[in-house]
There are 2 protein chains.
Amino acid sequence: MSQDSVPAIVIGRLPIYLRMLAYLEMEGKSVTSSQELADRLGLSSAQIRKDLSYFGEFGKQGTGYHIGYLQKQLRQILKIDRVWDMIIVGAGNLGRALGHYEGFESHGFRLAGLFDNSEKKIGTMVGNIKIQDVAEMPQVVREKRVQIAVLAVPPEVAQSVADQLVELGVRAILNYAPITLSTPPRAKVYYLDPVVGLQTMTYYLA
Amino acid sequence: MSQDSVPAIVIGRLPIYLRMLAYLEMEGKSVTSSQELADRLGLSSAQIRKDLSYFGEFGKQGTGYHIGYLQKQLRQILKIDRVWDMIIVGAGNLGRALGHYEGFESHGFRLAGLFDNSEKKIGTMVGNIKIQDVAEMPQVVREKRVQIAVLAVPPEVAQSVADQLVELGVRAILNYAPITLSTPPRAKVYYLDPVVGLQTMTYYLA
DNA sequence: TAGATTGTTAATCGATTAACAATC
DNA sequence: TAGATTGTTAATCGATTAACAATC
């Protein structure tokens, strides 16, 4: 099935399925069902079967899904069956914490650069990577053909950094800055503003 | 309009509107329109008017919305017209970075505790707050009637910490752990797993 | 085989949008 | 006033679910 015909909301659930499959595998299971996945994820089994059916037939009637096989298929669909280079822009508290996060490398996202504009920070180490001057960012992005960037800069400069990144060829931005970015359609932005999360939940509090 | 009749997807957009209103205000504007908001946010103006209409009439025909007034109304709707106590569980790199984040306090979320189970960390300072033993968490949550918690613990313990939090009365969990939590309906969970974001975006990369 | 579970269709449900009267 | 923009309705669009034949 061609990319554009699959609803974005379906794509957004695939990583959740993958995360649960890894969890079930860790529990020692090797087979699961749409019903089990649905129960664990708080979804309906029909939705899970429908989501998967956009891409193929991955299960067996009467049995369910082989976890290892389904993981492999989902990784292929999401194009995470390879290693992606990624940079982090901004080495404040958050940027440095993200620089230490092992979850990126362990999921195939290789940290190819960590940039800041502060003299004090440039040259210092975060884990096993050295903070570089943001002035060197264009060169790194171009040379390594980096398509993925994590934005951990102050909101005042987030839009201009995003513009620069897109100009350099970046097409996926994980945005921690508390601002809605304006980008051309070829670039995707995934928002991770904790305050938005909190403000959404307080509505339901007494 | 009663809470439950407003779709969750609408509630989820209100903080985005609020964030944009603050931005427009910062640009020196005092009035805006559904069209301007829509353009800036990449939405339709009809959607914005419809979303707001669940709660009342906040604009003027021919003029638009007074930014200050609309902000005030949205803050009331979202119940962020007050200060909420919040705790952070887990003082690893991420938890400590979050402990330093000024965006929480500046938006009315007061950090009432930062907990970890590591002997080494307990008693050390993060900004102006001291890391406490997670064993003291129940007491703090109960005494201050904390309803909001940020989960920044390893995935292996995330579910059990979440269970404990809910048991103690927490009803809003900002979850940084890379795992889907199982919680009763009275507790809301907002997910902030960066890997899910990356894996969603790689689908669209070449 | 009998029981279980898939993949898929059609029906239902819900969200978005177009259009416009009301009115500032 | 004339022009602009709201709030709302009805139509459209899209996503979810119920149901079940197929089949392991």
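Labels below follow one simple rule: chain letters A, B, ... track the order of the sequence lines, proteins then strands, and each chain is numbered from 1. Side chains included, hydrogens not; waters and symmetry mates left out as well; all remaining heavy atoms used.
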Does [N] have OP1 or OP2 sitting under 4.0 Å from an N or O in the side chain of [X]?
X	N	result
A:Ser34	C:dT5	no
A:Ser44	D:dT17	yes
A:Tyr65	C:dG7	yes

* For B:Lys29, does the NZ atom have more than 12 heavy-atom neighbours from other residues, nucleotides or ligands under 6.0 Å away? -> yes

If you check every side-chain atom of [X], which of [options] has the closest atom?
X	options	value
B:Arg49	C:dT17, C:dC20, C:dC24	C:dC20
A:Gln61	C:dC24, C:dT6, C:dA15	C:dT6
B:Lys50	C:dT6, C:dT17, D:dA15	C:dT17
A:Ser33	C:dT6, C:dT8, D:dT17	C:dT6

* Tell which nucleotide pairs with D:dC24, taking only Watson-Crick or G-U wobble pairs whose two distances are both under 3.5 angstrom. =>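 Result: C:dG3.
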
* Who is the Watson-Crick or G-U wobble partner of C:dA10, with both distances under 3.5 Å? -> D:dT17

Closer than 3.5 angstrom, by distance alone: can the side chain of [X] be matched with the main-chain N or O of [Y] as a donor-acceptor pair?
X	Y	answer
A:Tyr191	A:Ile179	no
A:Glu25	A:Gly68	no
B:Lys144	B:Asp85	no

* Asked: Using a cut-off of 4.0 Å on non-hydrogen atoms, how would the nucleic acid contact of A:Ser45 be classed: base, sugar-phosphate, or nothing?
  -> nothing

* Asked: Are a donor atom and an acceptor atom from the side chains of B:Glu36 and B:Thr32 found within less than 3.5 Å of each other?
  -> yes

[X] has an atom [atom1]; how far is it from atom [atom2] of [N], in whole Å?
X	N	atom1	atom2	result
B:Gln47	D:dC13	CD	C1'	13 Å
A:Ile48	D:dA15	CD1	P	17 Å
B:Glu57	C:dA22	CD	P	14 Å
B:Phe55	D:dT6	CZ	P	18 Å
A:Tyr69	D:dC24	OH	C1'	15 Å
B:Gln73	D:dG7	CD	P	11 Å
A:Asp51	D:dT17	CG	P	10 Å
A:Tyr54	D:dG14	OH	P	11 Å

* **Position toward the 5' end of DNA chain D (nearest nucleotide), A:Gly62 or A:Val10** =>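 Nearest-nucleotide comparison on DNA chain D picks A:Val10.
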
